[in-house]
Protein chains: 2
Amino acid sequence: MTIKDVARAAGVAPSTVSYVLSGSRKISAETGDAVRAAIAELGYHPNAGARSLRSTRTNVIALSLPLPSRGYLPVGGRFMYGLSEAAREHGHDLLLITAGDGGSGLERVARSRLADAAVLMGVEMEDPRIDAMRGLGLPVALLGRPADEAAAPWADLDWAAAAALAVRTLHDSGHRRIRYLATVEADIRTRRSYSVRGIDGARRAAAGLGVSAPVHPSSPDPAELARRIDALLAAPDPPTGLAVQHPAAIPGILRHLSRRGLEVPRDVSLIAIGNFPEDLGGLDTTRIELPVPEMSAAVTRLAVAAASRSDSEAPDPGSGILIPPRLTRGGTLAPPR
Amino acid sequence: MTIKDVARAAGVAPSTVSYVLSGSRKISAETGDAVRAAIAELGYHPNAGARSLRSTRTNVIALSLPLPSRGYLPVGGRFMYGLSEAAREHGHDLLLITAGDGGSGLERVARSRLADAAVLMGVEMEDPRIDAMRGLGLPVALLGRPADEAAAPWADLDWAAAAALAVRTLHDSGHRRIRYLATVEADIRTRRSYSVRGIDGARRAAAGLGVSAPVHPSSPDPAELARRIDALLAAPDPPTGLAVQHPAAIPGILRHLSRRGLEVPRDVSLIAIGNFPEDLGGLDTTRIELPVPEMSAAVTRLAVAAASRSDSEAPDPGSGILIPPRLTRGGTLAPPR
DNA sequence: CTGAAAGCGCTTACAG
DNA sequence: CTGAAAGCGCTTACAG
């Protein structure tokens with residue numbers, strides 16, 4: 001089942017079938033209809049290998065996944081769905097590249113021309129993958145905002161604004177003893193963008209409000225996290241408001257507070273940053289949700305644009321798309337007693 | 001950067017480079033070394049499109065994802081990681097196919113020869129994708145055990161045995177009023193394999209033990225699920241033991257029981273089936289975990305085998321790999337009062 | 001408005 | 001033990 005079969009069935013030349021498919025040439029209505037009818041009847045789909053060999057376009061986007069940090073995994077799954085559907089809307093498929101093969105995966109994809117562009121997930125402030133791909137001719141789009149915002153096109157939730165919104169909302173509600181529970185240490189250490197920017201946003205917001213909001217890293221180990229919360233509560237000025245950027249930890253934190261006899265929001269208020277309602281299992285939490293569909297659509301658009309730019313050798317405008325945070329009211333926020 | 005460049009650098013013919021790469025011909029040590037040195041120095045990777053056009057092998061495995069049911073999503077992410085890494089170990093990459101484009105995605109992949117084989121996730125007892133792919137020449141391997149076990153190679157946790165193990169463990173512990181909280185209704189209605197087999201295993205085990213263990217569907221809505229649990233507890237013979245096959249619901253269930261003043265395991269025992277320790281957020285639950293790495297490795301092996309079989313036109317042995325359940329002891333099981 | 005032909009980068013019989 | 005050549009199924013200048 002090749003383009004020749006379609007051409008024979010429609011009574012035209014193979015090249016005419018190709019032109020009907022690509023739309024890059026004016027075709028008479030009758031010819032076009034005959035070709036389309038033959039394609040539909042035979043169920044013809046162009047051979048992907050032949051097409052990519054000839055045209056140097058694969059219609060595939062590679063997704064470079066970070067090493068699965070324990071806190072990040074459930075989020076990764078949503079993005080894979082979101083990105084895959086967004087890619088389809090642009091006529092592309094999504095190829096998964098795990099960091100498991102030592103970062104060489106992306107280079108392999110670039111050199112063997114398996115994809116037209118790559119979306120990088122788990123972006124670090126200074127992400128080595130950006131420079132690595134520059135020389136290899138694989139355009140990238142970042143799901144995360146790097147330190148050098150002109151290094152590559154990127155899309156991200158405005159984590160700094162999200163953290164600031166959480167701190168400001170607690171402050172507006174009357175809280176003065178606020179703590180910022182950041183992402184897990186591993187993410188801070190590797191300078192994951194959402195991690196660094198969240199902390200930064202929280203600190204700036206606190207400074208702007210003239211309030212103190214010390215930052216504490218979270219832990220993937222619930223028992224260890226519980227110990228840290230105990231330490232906070234045992235301090236001379238225990239917090240009345242918590243902003244938490246570690247989504248997976250929310251249920252455990254609420255359980256621990258309740259075990260300690262603290263009622264939320266009567267004794268402690270809490271705002272969750274960057275999570276999904278589903279992951280909260282019915283907990284009615286005041287929160288800033290992670291806008292996965294918007295982020296997926298935005299970064300995919302950038303990746304597709306970068307891929308076609310690489311055809312025309314046009315310079316990379318280095319655009320960034322910042323998605324503003326939105327607060328969802330829930331039952332974990334109240335004025336301090 | 002093509003095979004010709006490597007050939008020139010090594011002072012041999014392009015075909016010789018190809019033979020060194022494939023290992024399908026005896027090559028002298030010197031020639032082989034020269035070629036390998038040139039490949040390493042130039043950073044050569046064969047063009048994927050050219051290779052697949054010529055050899056009809058893509059070294060890509062397609063992953064057909066089910067529609068993201070709310071209960072299943074976090075699990076999907078783990079499998080994507082697990083399958084991607086397993087595929088790499090066999091020299092393959094993983095291409096994501098979402099059900100979003102109406103099931104046509106797999107057919108498109110088959111007809112355009114984008115992949116050598118497909119792994120089907122979210123398998124139903126009578127899964128239409130199996131027959132659909134048979135005529136299209138895309139070999140499949142199922143991540144789930146279908147009703148017709150000879151229809152295609154498959155790998156799965158033994159959900160029937162898992163459910164039976166949970167019921168039996170409760171029974172051994174002294175429980176006689178047991179309830180089986182199955183998967184969400186949508187999964188039962190579409191006859192997802194894990195759902196049907198779990199229910200079946202629970203019923204058989206209960207019958208074998210001469211105990212009654214009525215089955216109740218779970219709900220993706222925590223409030224609705226809470227109402228159903230209330231109904232169970234308000235019945236004349238309230239349960240002392242619950243087996244729950246809806247992983248995402250465990251934290252919510254435990255919270256609801258505690259809100260009702262019931263202590264676990266003093267008043268009610270609970271065994272969770274098919275979840276991840278990470279998703280429990282530190283809850284020390286007696287459970288049967290989902291063996292994602294084993295399942296991923298097994299189904300990938302089957303997919304790769306099916307792909308090479310399709311080259312040699314050998315018949316499909318229709319093998320099935322059943323992974324036995326393992327109980328992890330936790331703090332939610334005790335004899336009834 | 002349409003067709004014949006070249007060629008993308010590989011693999012693999014054919015030949016020596 | 002190695003090479004020259006054909007051809008996989010497309011796309012796209014070239015030609016009319």
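Every chain is numbered from 1 and lettered A, B, ... according to where its sequence line falls, protein lines coming before strand lines. Side chains are part of it too, since the values below use all heavy atoms of this structure and drop only hydrogens, waters and symmetry mates.
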Take atom [atom1] of [X] and atom [atom2] of [N], then tell me their distance rounded to the nearest Å.
{"X": "B:Arg57", "N": "C:dT11", "atom1": "CZ", "atom2": "P", "answer": "12 Å"}
{"X": "B:Ile3", "N": "D:dG3", "atom1": "CD1", "atom2": "P", "answer": "12 Å"}
{"X": "B:Lys4", "N": "C:dG7", "atom1": "NZ", "atom2": "P", "answer": "10 Å"}
{"X": "A:Leu21", "N": "D:dG9", "atom1": "CG", "atom2": "C1'", "answer": "13 Å"}
{"X": "B:Asn59", "N": "C:dT11", "atom1": "CG", "atom2": "C1'", "answer": "14 Å"}
{"X": "A:Tyr19", "N": "D:dC10", "atom1": "OH", "atom2": "C1'", "answer": "12 Å"}
{"X": "A:Arg113", "N": "C:dG9", "atom1": "CZ", "atom2": "C1'", "answer": "13 Å"}
{"X": "A:Leu53", "N": "C:dG7", "atom1": "CG", "atom2": "P", "answer": "14 Å"}

Other residues, nucleotides, ligands: >12 heavy atoms within 6.0 Å of A:Glu41 CD: no
Heavy atoms from other residues, nucleotides or ligands near CZ of B:Arg113 exceed 12 (cutoff 6.0 Å):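 12 or below, so no.
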salt_bridge(B:Asp187, B:Arg192) N-O dist < 4.0 Å: yes
Lys/Arg N to Asp/Glu carboxylate O, A:Asp127 vs A:Arg191, below 4.0 Å: no
A:Ser18 side-chain N/O to D:dT11 phosphate OP1/OP2 under 4.0 Å: yes
A:Ser28 vs C:dT2: side-chain N/O to OP1/OP2 distance below 4.0 Å: yes
B:Ala141 to B:Val299 - nearest heavy-atom pair and separation: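 Heavy atoms of B:Ala141 and B:Val299 come nearest at CB-O, 3.7 Å.
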Identified pairing partner of C:dA13, criterion: Watson-Crick or G-U wobble below 3.5 Å: none
Any strand: nucleotide that pairs with D:dA4 via Watson-Crick or wobble, under 3.5 Å: none
Residue whose nearest DNA chain C nucleotide is more 5′ - A:Arg54 or B:Thr16: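 Its nearest nucleotide being more 5', the pick is A:Arg54.
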Of residues 29-50 of chain B, the positions that come close to DNA chain D - non-hydrogen atoms, cut-off under 4.0 Å: B:Thr31
Side-chain donor/acceptor contact of B:Ser15 with base of D:dA5 under 3.5 Å: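 Answer is no: no donor-acceptor pair is held.
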Distance-only donor-acceptor test (3.5 Å): side chain B:Arg25, base C:dT12: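 There is none.
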Check: B:Val119 and B:Val140 side chains under 4.5 Å, non-hydrogen atoms: no
Partner residues of B:Asp148 under the salt bridge (charged side-chain N to carboxylate O under 4.0 Å, His left out) criterion, sequence neighbours left out: none
